[in-house]
Amino acid sequence: MPTSQRFEGPSDLHLHSAHSDGTQPPAEVMASAHRHGVRTAALTDHDTTSGWAEAAEAAASLAMTFIPGMELSARHEWRSVHVLAYLVDPDEPELRAMTERIRSSRLDRARIMADRIARDYDLVWDDILAQTTDGATVGRPHIADALVARGLVRDRAEAFSGILSPGGDYYVALYAPDPVTAVGLVVGAGGVPIIAHPAGRAGLLPAKLMTRMLDAGLAGFELGHRENREPGLQTLRELCRDRDLIVTGSSDYHGLGKPNQPGEHTTGDDMVARIIGRATGSAPVYP
Ligand code: AMP
Ligand code: ZN
Ligand code: FE
Ligand code: FE
């Protein structure tokens, strides 16, 4: 039984482990967050909940509160949309089927990208497998790490701006549901959907699409994120204020895979409480 039903800030609700494209096991992610002063943390690996148990146990041993989460892949036309899914029921059949489909498509897509890259560069599929933890959600970051290991690029950033860029010859899109469907799946699994880094370089999603997502149960936006930009950010601040939406701030920590550090953006206690209060799919793990 939990000893308390209270969480303590600072809260960082967007962290990745090696169960997707972070570079550390979930327990180490929690330890890194703790070292950076974070006291409530969510693990949000792409399209998987497989890291929850390890993260929850590590969080408990550090006297932190653990919020189970996931970053669900979605797509609108050519652009990828990331839906943070907090406190979903990991066994809800429709969401589960969707994440399995996305993960399997990610694997196929990585293989095709690897074949294309292999025509021009000294890289084989085993190089990518060597960078991927067994059972992890595969993504371009693993291909990037393989390119780094082969000495073909300096770091993930160089791989993303060159060989792995969506405009390049090697890019293949992954299967992902449209954002309205993704939001509906999260709500159907008792979770709280929040759009991750909603004002990035690509700009805001069309207003009509945002309205449809809100109608489907979208709870809020991750306004605190290093990739968000003005003027989109200001538009979303006003939307969140007018509609009383949940606003989060998080690091999107990927271990050594990105410069983002745990706790660089945080979520206010009132907003964390609203997320917890709205969810029915699973519960936080309190210290
Ligand atoms: P994918 O979903 O496989 O297409 O890959 C997207 C993932 O790559 C996202 O999780 C991002 O966090 C990561 N990513 C995107 N751009 C970069 C970059 N410049 N450096 C490191 N990671 C990146
Ligand atoms: Zn990622
Ligand atoms: Fe993301
Ligand atoms: Fe992320």
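Since this is a predicted model, take the numbers as computed values, not measurements. Counting convention: from 1, in listed order, for ligands and their atoms alike.
No more than 12 heavy atoms of other residues, nucleotides or ligands lie within 6.0 Å of CG in L256, so this atom counts as exposed by the packing criterion. Environment of CD in E57: sparse, with no more than 12 heavy atoms of neighbouring residues, nucleotides or ligands closer than 6.0 Å.
Protein atoms that are N, O or S and lie under 2.8 Å from the Fe ion (ligand 4) are these: H14 NE2, H16 NE2, E71 OE1, D252 OD1.
Scored by the ring-ring contact (aromatic ring centres under 6.0 Å, His included) test, H142 finds no partners at all (sequence neighbours excluded).
A distance limit of 4.0 angstrom between heavy atoms and ligand 1 selects the residues D21, H46, R106, R109, G139, R140, P141, R156, A157, F160, L174, H254, G257, K258.
For the salt bridge (Lys or Arg N to Asp or Glu O under 4.0 Å) condition, no pair includes a residue of residues 10-30, sequence neighbours left out.
E227 and R201 are not joined by a salt bridge, as no carboxylate oxygen comes within less than 4.0 angstrom of a charged side-chain nitrogen. Under 4.0 Å is where a charged nitrogen must lie from a carboxylate oxygen, and between D169 and R116 no such pair does. Under a 4.0 Å N-O distance rule, the pair E230/R237 qualifies as a salt bridge.
When each of D91, T49, D89 is tested with R96 by the rule side-chain hydrogen bond (donor to acceptor under 3.5 Å, both in side chains), just one qualifies, namely D91.
No chain of hydrophobic side-chain contacts below 4.5 Å, direct or via other Ile, Leu, Val, Met, Phe, Trp or Tyr residues, connects V124 to L152.
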